[in-house]
Amino acid sequence: MEKRSGSSYYWFWLLLQILLINVLGLHCQPPPDSTSFISIDCGIGDGTSYVDNTTGLTYVSDDAYIDLGKDYTIGSTYLSSFRLQLTTLRSFPNSTRSCYTLRPVVQYYKYLVRAYFLYGNYDGLHKANTINPLEFDVYIDVNMLMTMSIQNESYTYRAEALIVAVVNSSVSICLVNTGNGVPFISSLELRRIDSSLYTLVNDSFYLQVFARRNLGATQTIRYPTDPYDRIWTELTNAPYWTNINTTRPIEYFTNDEYRVPVAVMQTAVTPSGVGGVTDIAFHWDFADTGFRNNQFYINLYFSEFDALLPNQSRAVDIFLNGEIARADYAPPYLLADSLYSIDPLNPNDTYLWEIKPNDSFNLPPILNALEIFSPMHLENVTTNERDVDAINAIKAQYKVKKQWTGDPCSPVEYRWAGLNCSYISEPPSITAVNLSYSELTGEISPSFSELSAINYLDLSYNNLTGMIPDVLGKLSQLKVLYLMQTNIDKTIPPSLSRRVNDQLLQIIFDNAPPPSPPPSSNNKTIVIVISVIGGCFVLIMAVVLVWWCIWKRHPGSVPNPGKRHLEEKNSLYDTPNPPQPHSLTTNPHVMRFSYTQLIGITNNFAKKIGKGGFGVVLHGCLENGKQVAVKLNSQSSPQGEKQFGAEVQNLTRIHHKNLVELIGYCIHGEGLALVYEYMAQGSLHDHLIGYETMALLLNNSCK
Ligand SMILES: *[C@@H]1O[C@H](CO)[C@@H](O)[C@H](O)[C@H]1NC(C)=O
Ligand SMILES: *[C@@H]1O[C@H](CO)[C@@H](O)[C@H](O)[C@H]1NC(C)=O
Ligand SMILES: *[C@@H]1O[C@H](CO)[C@@H](O)[C@H](O)[C@H]1NC(C)=O
Ligand SMILES: *[C@@H]1O[C@H](CO)[C@@H](O)[C@H](O)[C@H]1NC(C)=O
């Protein structure tokens, strides 16, 4: 009795979850913590585990997550050089697709998933080298993440992505043998992250992590300093850069969606002056990344360590391959700030970034951290959940000796042996199951009745006993049930006999099907009544839970001591909808002004409100009375008018959350003016014109 009520309680909550997430689109998520992490050291003894020294996290054996493959240890010459997680591995010589099913996860929660691969000549065959790399594909659920190309037997390779769990309760990581060597894996990690982080990532779009760097640091930072266990690696051997750091606390903007650990933000690089270099430059080549597509996203993280004097500025222009990607940016003082792309960068073979002071009197540029990603669009859809659950229950009940791992139908080329699927409508569904000659024992599983789209079911040549379950009557599409050479009782249950009589269903025993007993049963009404009552109850509870969620999420109820001031100040930036990218072609709001209009707007350049690296900043008024800030580039430039147009477009390519909206621009001869939305109260602070002009901004108005 205890047990029973416990399980119905569970189903009840599960139902609520489904209802809330699917119907109401609400996610009442507890904050992530390490108990929701999954840390697997592949290839250690079944059932064993240990606590990792660096992170304090417990790594467990992989046997609970996969039932394929064989354990190995890397070659003895490598053993002492690598951390424990990398010294053992599991290899998959006999399966085309081998999947780890990581659970529990919560559908629609955001996760970081990371796999490590160290070949270490585990098989003594020296299979990994540059000329003949050992290659296999890595999938997340049913979509390919990357081709893992192992070119050096003593290198650690990594596959990492930020994802949203799309399958109910699990995430699968699959290794696919593509004929270029035996897939293997050393370690696998799953970390929950707050859903408010990395808002670009959703259930149809993942980010593959290419780089995550802690600049100016001498050591790697991960869990527990980073509660999400992102690994921020230091960069050594950069002669043009000097490391700088601060011990002062660094705050976050309320709408900060990256939460780069303070310890990471407290270090930065700045030009060392070696060779007269005054900018920060770095690059990567597409060919070296091993990624499938030449598309990248970048996040640059900045924080100013010094309280600048009014006549000081650290404003920079940021260039990608010589084209300006962001003009006149100055990092805010002791605040974690980010510049990030929300569209993929233009494809290139090389991505060369230069962060240059935009005035020779400026302080040298700084850069605290960076992340680089590649997009992963989810093209394949997972099989419908009910079918997945049912076929997994069948697999578990009979301990099916087939290589049934990962998704049963998707992608089509790795569909489970013995299944047929329909892909006509999404998600795919199972249309036929052939488990003949599969050494099944016991009774026919009632789970078959959940495969609602099946046309035929072949269970012949198995040692099956008992009766045909009455619940198979639910299978309205079932046309043939093969039960040859089984020990199944030949009585046809009432739920099926009608369709057998109408010749809509054939049940094939060794001989012709026997006559069926008279149809009966009217406990259907009871079922309906129970469902209705249950449904109402669930709905009421859902409403209560929604209310509770909303109440819980109310910001007023979350104490946040010590940051009130900041939050109040920044709440001005908190837009309910995230800002959208704007470019000249897609955003009709960015206007081109004539020079005459510009004179009108600025009242003949009357009111100077500041000076940035870009040039002077003027106060202005549009015809509709809206206040604007006009940034004027007075310096003559070698660029022609056409290129200025491109420059304006580029200014919008790298998006900055705290930047006010670009309203328009004016190209006049060699000069360029940018017209921005003007925000009074100094709320604009550094992003447009720097702290030094804040006071000036306060007393302007349009009449
Ligand atoms: C997911 O993100 C991609 C890229 O940002 C976007 O194009 C797409 O519309 C998003 N999809 C959903 C369902 O939000
Ligand atoms: C900046 O101002 C300080 C005093 O406020 C002065 O000592 C310094 O020389 C000035 N620097 C420049 C470059 O003008
Ligand atoms: C099921 O598979 C067996 C062996 O693979 C085959 O002989 C049989 O014809 C299949 N059943 C159906 C209904 O196709
Ligand atoms: C079939 O299963 C029954 C019990 O489930 C068992 O007693 C019997 O030995 C099995 N027969 C064969 C041929 O495996």
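The structure presented is a predicted model; accordingly, all values stated were derived computationally and were not measured. Start at 1 and go down the list; that is how both ligands and their atoms are numbered.
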> N434 to ligand 3: N or O pair under 3.5 Å?
Replying inline: yes
> Side-chain contact, heavy-atom cut-off 4.5 Å: R212 with R230?
Replying inline: yes
> How are the rings of W404 and W416 set relative to one another: parallel (under 30°), tilted (30 to 60°) or perpendicular (over 60°)?
Replying inline: parallel
> In order of chain and number, which residues sit within 4.0 Å of ligand 1 by heavy atom?
Replying inline: L200, N202, S204, F205
> How are the rings of F302 and Y329 set to each other: parallel, tilted or perpendicular (split at 30° and 60°)?
Replying inline: tilted
>> Could you tell me if R97 sits above the aromatic ring of Y139, with its cationic atom closer than 6.0 Å to the ring centre and no more than 45 degrees from the axis?
In response: no
>> Regarding T147 and D137, do their side chains bring together a donor and an acceptor under 3.5 Å, going by distance alone?
In response: yes
> With a cut-off of 4.0 Å, which atoms of ligand 3 are near a heavy atom of D458?
Replying inline: 1 (C), 10 (C), 11 (N), 12 (C), 13 (C)
>> Can a side-chain donor-acceptor contact be found between N294 and Y351 if the only test is distance below 3.5 angstrom?
In response: yes
> Tell me, which pairs form a disulfide bond (SG atoms under 2.5 Å apart) where one or both residues lie in residues 380-419, sequence neighbours left out?
Replying inline: C409-C421
